[in-house]
Protein chains: 2
Amino acid sequence: MNIGEVSERSGLPAKTIRYYEDIGLVRPLRSDNGYRSFREADLHKLAFLGRARTLGFSIEACRTLLGLYEDGSRESAQVKTVAEAHLAEIDVKIAQLRDMRDTLSHLVDACRGDDRPDCPILRDLSGGRD
Amino acid sequence: MNIGEVSERSGLPAKTIRYYEDIGLVRPLRSDNGYRSFREADLHKLAFLGRARTLGFSIEACRTLLGLYEDGSRESAQVKTVAEAHLAEIDVKIAQLRDMRDTLSHLVDACRGDDRPDCPILRDLSGGRD
DNA sequence: ATTGAGCTTCCAGTAACTGGAGGCCTTATC
DNA sequence: GATAAGGCCTCCAGTTACTGGAAGCTCAAT
């Protein structure tokens, strides 16, 4: 398979696939003409990576997961540990965003949004010194 | 004021303050010895930026907000528009993270996390082909 | 005179790609 | 056989918002 077909079947841009090869996540063969030549297993890996990325796993976490995926003697506890760590990160991010959201939505609600300069949003940002 | 004092009073690292000067968000004076010399107004701007950043505004949004802050003839509608756009982005991010969280927490719950290789998380990532 | 802290600039690196330039390879058409 | 289109190649630069570090000047105190 050439990169175009793999791109289509995995849903990943060709650029991204080349990048993943650069950083050692996949190692496709090469044809005589220099083109990358992907096996089914490479495609599966890339699809795996795409899915893991949509779940928000970092590239390094993906590398770990891929290693476990390919290691028949893994313990599921290892996988679970990685996933739980990521879940905890997601929770932190959500909490941070919610804090921002709460503060910001109060400010937005308080702002009349008309043609006058008076603005609670700017007042808040300026530390009330205004 | 030298950068150290401004850093302490604004809560921003000196590195960040220099960076903000680089990209034109503040323009401190210079002393004869080459040191940056900050006025109170510069400190206020930096504190403003720090606060806006904690609310998640991008640097470019901060630049816009700072411009409005300094423009006595602004209309609060302009500020509100920027804030609402940012609020919408936050909502999108929260929704994405929640989706990830939901999927991932189901998978984590389904994984026994013991010494056996069988793992629903990997099964999901591999597209069920496992 | 010599520390040590504080300041300066400049370069490189982070995360995970993405865009673009310049240039082969392949296939089809005239 | 020439040519054009499209796919592929590599390499370089840019993105966001900083952060770390090196080499070196300045200042205050000893």
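We name chains A, B, ... by the order of the sequence lines, and we start the count at 1 in each one. Both backbone and side-chain heavy atoms feed into the values below; hydrogens, waters and symmetry mates do not.
Looking at the side chain of A:Y35, the nearest of the listed nucleotides D:dG7, C:dT8, D:dC18 is D:dG7. Nearest nucleotide to the side chain of A:P13, out of C:dT26, C:dT18, D:dC27: C:dT18. With C:dC17, D:dC8, D:dC11 as the choices, the nucleotide that has an atom nearest any side-chain atom of A:K15 turns out to be D:dC11. Of the candidates C:dA16, D:dC9, C:dC7, the closest approach to any side-chain atom of B:N2 belongs to C:dC7. With C:dA16, D:dA17, D:dC9 as the choices, the nucleotide that has an atom nearest any side-chain atom of A:I3 turns out to be D:dC9. Looking at the side chain of B:R30, the nearest of the listed nucleotides C:dC17, D:dC18, C:dT8 is C:dT8.
Remark: P of D:dC8 and CD of A:E5 are 10 Å apart, rounded to the nearest angstrom. For A:R63 and C:dC17, the CZ to P distance is 12 Å, given to the nearest whole Å. With rounding to whole Å, B:I23 atom CD1 is found 8 Å from D:dA17 atom P. Nucleotide D:dC8 holds its C1' atom 13 Å from the CD atom of A:E21, rounded to whole Å. Protein atom CZ of A:R53 is 8 Å distant from nucleotide atom C1' of C:dA15, rounded to whole Å. What separates CD1 of A:I17 from C1' of D:dG7 is a distance of 14 Å, to the nearest Å. Taking atom NZ of B:K93 as the reference point, atom C1' of D:dT16 lies 11 Å away to the nearest angstrom. Rounded to an integer number of Å, the gap from A:L25 CG to C:dC17 C1' is 13 Å.
Judged by distance alone, the side chain of B:S76 and the main-chain N or O of A:D114 form a donor-acceptor pair under 3.5 Å.
Inter-residue side-chain proximity for B:R9 and B:L46 is flagged as unmet; no heavy-atom pair is nearer than 4.5 Å. The side-chain heavy atoms of B:E40 and B:L43, taken from C-beta on, include a pair separated by under 4.5 Å. Inter-residue side-chain proximity for B:L25 and B:I59 is flagged as met; some heavy-atom pair is nearer than 4.5 Å.
Residue B:R18 is classed as a base contact, given a heavy-atom separation below 4.0 Å to a base. Residue-level contact check: B:F57 touches neither bases nor backbone, having no heavy atom under 4.0 Å from any strand.
A close approach under 4.0 Å does occur between a side-chain nitrogen or oxygen of B:N33 and OP1 or OP2 of D:dC27. Phosphate proximity of D:dT10 to A:R36: present, with a side-chain N or O under 4.0 Å from OP1 or OP2. Contact annotation: A:T16 side-chain N/O to C:dT18 OP1/OP2 distance is under 4.0 Å.
Between B:F57 and B:H86, the two ring planes are tilted [angle within 30° to 60°].
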